[in-house]
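In this chain, numbering begins with 1 at the start of the sequence shown.
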Amino acid sequence: MSNSRNIADSAPVINFIDGVTSNVQTQLDGKATYPSQSGNADKFLTTNGSAVSWADLPASGGVYTATASGAIASGDKIVVNTNGTISAVSGSQIQESISAQQSTGNTAKPPILVWDSYNNKIVAIYAAWTGSQGKVQSGTISGETITWSAQYEFSGSFDNNVVTACFVTDFISTSNINRVAIFYRDASNGYGKMCLIDCSGATPTRTADNTYYSGNVSDSKVVYDPINKAPVLFYKRGGSYSSIGCIDGSLTTLNTYPGNYQLNSNSSSNYFDLNYDSTTKKCVAVYRDGNQSNYLVCRVMTVASNGGMTLSSEAVLQSSTYNYNAVSHDVESGLNLIIGQESSSTQYLSMMVDCYGVNPVLEVNPTAMNPQPPSVSAVTTNNIVYNPRLKNHIFFYKSNNKMLANVLSYNKTTTVTSNNAAFEVHVSGQKNERQSLVYNPIAEKVMFGFHQNVDDNAVVYFYNQFETITNLTQNNWIGVSNAAYADGVSAEIKTRGSI
């Protein structure tokens with residue numbers, strides 16, 4: 001019979017072409033079928049004698065059997081101890097260092113730092129070393145090197161002792177602003193002033209300004225609420241009244257919107273702080289309340305979509321006097337870490353506050369910072385910033401003319417722990433009465449700035465953190481536990497080769 005067939009041939013004819021002794025379709029149906037290849041990269045085919053399936057490649061190495069030293073959970077990374085037992089990787093230690101100095105190249109008083117997340121620049125705001133001109137510089141970062149712009153003067157009457165700033169991506173009434181908002185005291189009359197700075201060009205420029213309070217302002221702190229598109233300003237005004245207000249703006253003007261709210265009628269300067277709680281979408285204020293025997297109190301503010309604000313009741317956290325208070329949101333737990341210097345014991349205590357409800361609640365009782373800052377009574381200022389990469393808080397403070405830092409962590413049980421002794425960030429030769437800290441999400445590092453006595457320049461440094469595991473070395477890693485084992489029992493560990 002011919003090797004070629006007419007397409008009009010019937011199925012019976014095709015099924016019994018030359019050389020085929022049975023129905024072609026029956027022969028095809030009898031062939032083995034294989035599982036789908038989709039989603040099965042780097043696997044191999046195996047059979048149980050009757051069916052074919054994909055399977056993972058076996059782990060390199062084999063099985064290591066030894067006595068467990070301490071409990072081991074399934075999935076724990078395992079190390080071999082010097083006595084031949086095995087343990088889960090545990091313990092951590094924070095190593096710290098600072099970069100080379102990054103000088104702005106201009107004589108200045110201590111700078112306020114802001115991270116411009118739109119232009120990916122660091123922004124330094126300061127007063128001229130002589131005179132009262134308000135200056136600003138933006139810096140482009142490559143590694144740990146900053147290339148600074150030229151100076152821009154945004155105010156001819158600027159009080160460097162009363163200034164705060166934040167980056168604003170949007171305002172309530174105007175979108176896509178991407179400006180640095182600066183709130184400062186006018187050196188000529190003490191009024192509260194505010195302005196917007198655009199850092200998109202080679203040199204910063206001012207795009208809006210206004211007066212937010214026509215009276216004496218003695219201290220201030222601002223945070224940005226990204227959900228409700230409003231900078232929230234906490235400031236101390238004449239008559240020892242502390243107020244808080246939302247700020248709205250356009251490209252040409254800034255205004256309090258819809259107005260000011262009285263937070264407290266007697267709060268001491270330098271003893272309050274304000275932070276944004278990204279978990280509950282609230283602003284958290286902590287301060288020493290002169291109306292309640294200088295006790296440590298906390299209050300939360302919720303901003304409405306129209307710029308209005310709801311204030312909680314005051315929550316007395318501690319019935320004792322606290323100085324130099326600071327608050328930082330712990331994103332990992334959703335709580336807020338508050339630290340302050342207790343007058344009666346002359347030591348720093350830290351605590352965790354829950355702001356999920358209508359009013360703030362003390363979740364974790366005060367714990368003495370251990371180790372304590374050296375010469376606690378000599379501490380004059382402090383500040384705190386959260387490091388989302390390592391999920392800890394860096395507490396900066398000045399003591400005996402030295403700038404120091406401690407790393408604080410919440411262990412999600414009952415205490416706040418200090419991971420290290422005080423790290424000497426900078427020795428004498430600086431006049432930073434307000435440590436300016438900012439987290440750089442691109443470099444994943446904290447940056448800080450101060451005035452340097454040697455040349456009177458405003459300088460910036462990178463603060464580096466490295467976490468090391470205390471019982472893990474280059475040679476003792478063996479693998480991962482696929483089961484849980486109690487202390488002292490024989491455990492089998494699948495070895496995975498080099499870490």
Side-chain angles (χ1 to χ4, degrees), residues 101-141 145-168 177-212 217 219-222 231 233 235 249 251 254 381 383 429-438 440 447-461:
Q101 172 187 296
Q102 300 297 303
S103 175
T104 61
N106 292 290
T107 57
K109 293 177 182 175
I112 296 293
L113 301 182
V114 175
W115 176 253
D116 181 335
S117 59
Y118 182 75
N119 296 297
N120 289 334
K121 294 180 180 179
I122 187 70
V123 181
I125 304 153
Y126 51 82
W129 182 238
T130 57
S132 57
Q133 299 86 11
K135 305 287 186 74
V136 61
Q137 285 179 265
S138 62
T140 302
I141 297 173
T145 301
I146 303 175
T147 302
W148 292 100
S149 71
Q151 280 184 326
Y152 173 76
E153 182 177 318
F154 64 88
S155 172
S157 183
F158 176 78
D159 187 343
N160 201 79
N161 292 317
V162 184
V163 58
T164 182
C166 66
F167 185 72
V168 179
I177 290 296
N178 296 313
R179 301 287 190 264
V180 175
I182 304 174
F183 302 86
Y184 63 98
R185 180 185 179 186
D186 189 315
S188 64
N189 55 23
Y191 287 5
K193 304 291 284 289
M194 52 188 173
C195 70
L196 293 181
I197 301 294
D198 178 9
C199 294
S200 60
T203 303
T205 56
R206 184 181 62 201
T207 61
D209 60 4
N210 209 340
T211 298
Y212 69 82
V217 173
D219 215 337
S220 60
K221 181 67 182 286
V222 68
L233 179 69
Y235 63 97
L251 291 175
L254 278 165
T381 56
N383 206 340
Q430 50 86 16
K431 291 184 177 178
N432 191 12
E433 291 301 330
R434 299 181 183 212
Q435 298 82 8
S436 184
L437 310 175
V438 66
N440 178 339
M447 301 176 70
F448 64 94
F450 57 85
H451 165 87
Q452 183 166 266
N453 275 3
V454 177
D455 53 13
D456 289 331
N457 277 357
V459 296
V460 176
Y461 285 84

Practice task
Can you measure from CH2 (Trp115) to CD1 (Ile122) and round to the nearest 0.5 angstrom?
Solution key: 6.5 Å
Problem - Side-chain (Asn161) to main-chain (Asp159) donor-acceptor, under 3.5 angstrom - result: no
Practice task
Verify, without hydrogens or angle tests, whether Asn160 (side chain) and Pro110 (backbone) share a donor-acceptor contact under 3.5 angstrom.
Solution key: yes
Practice task
Begin from the C-alpha positions of Asn383 and Phe448 and carry the test side chain to side chain contact (heavy atoms under 4.5 Å, CB included) through to its verdict.
Solution key: CA-CA 11 Å; Asn383 206 340; Phe448 64 94; over 6 Å; no
Exercise for the section: Write down the atom of Ser132, the atom of Ala187, and the distance for their closest heavy-atom approach. Expected result: CB-CB, 4.3 Å
Practice task
For the pair Gln137 (side chain) and Gln151 (backbone), establish whether a donor and an acceptor sit closer than 3.5 Å, ignoring hydrogens and angles.
Solution key: no
Practice task
Start with the C-alpha distance between Asn119 and Asn178, add both sets of side-chain angles, then the distance that settles side chain to side chain contact (heavy atoms under 4.5 Å, CB included), and finish with yes or no.
Solution key: CA-CA 9 Å; Asn119 296 297; Asn178 296 313; 5.6 Å; no
Problem - Point-to-point distance, once rounded to the nearest 0.5 Å, from OG of Ser157 to CD of Gln133 - result: 9.5 Å
Practice task
Measure the acute angle between the ring planes of Tyr184 and Phe154, then classify it against the limits of 30° and 60° as parallel, tilted or perpendicular.
Solution key: perpendicular
Can I get a per-line list of side-chain donor-acceptor pairs under 3.5 Å for residues 188-198, giving both atom names and the distance, sequence neighbours left out?
| from | atom 1 | to | atom 2 | distance (Å) |
| --- | --- | --- | --- | --- |
| Ser188 | OG | Asp186 | OD1 | 2.5 |
| Asn189 | OD1 | Tyr191 | N | 2.9 |
| Lys193 | NZ | Asp186 | OD2 | 3.3 |
| Asp198 | OD1 | Ser200 | N | 3.0 |
| Asp198 | OD1 | Ser200 | OG | 2.9 |
| Asp198 | OD2 | Ser200 | OG | 3.3 |

Practice task
Measure the spacing between NZ of Lys109 and OG1 of Thr130 and express it to the nearest 0.5 Å.
Solution key: 8.5 Å
Completion exercise
Residues Asp116 and Cys199: closest non-hydrogen pair is OD2-CB, 3.5 Å
Handout entry: Heavy-atom check, side chain of Ser220 versus side chain of Val162, under 4.5 Å
Key = yes
Problem - Heavy-atom closest contact (Thr145 atom, Gln102 atom, distance) - result: CA-OE1, 3.4 Å
Handout entry: Atom of Ala458, atom of Ala108 and distance for their closest heavy-atom approach
Key = CB-CB, 3.8 Å
Exercise for the section: Mind checking the CE-CD1 spacing from Met447 to Ile146? Nearest 0.5 Å is all I need. Expected result: 3.5 Å
Problem - Residues Asn457 and Ser103: side-chain donor-acceptor under 3.5 angstrom - result: yes
Problem - Test item: Val123 and Leu113 side chains (from C-beta on) under 4.5 Å apart, heavy atoms - result: no
Problem - Heavy-atom check, side chain of Ser436 versus side chain of Pro111, under 4.5 Å - result: no
Handout entry: Val168 side chain near Val180 side chain, heavy-atom distance below 4.5 Å
Key = no
Exercise for the section: State whether the side chain of Thr164 and the backbone N or O of Phe183 hold a donor-acceptor pair below 3.5 Å, judged by distance alone. Expected result: no
Handout entry: Inter-residue atom distance Ser155.OG - Ile125.CD1, 0.5 Å rounding
Key = 12.0 Å
Exercise for the section: Taking Tyr152 for its side chain and Arg206 for its backbone only, find out whether a donor-acceptor pair lies under 3.5 Å. Expected result: yes
Exercise for the section: Could you tell me whether Tyr126 and Phe158 have their ring centroids closer than 6.0 angstrom? Expected result: no
Exercise for the section: Verify whether the ring centers belonging to Phe167 and Tyr118 lie closer than 6.0 Å. Expected result: no
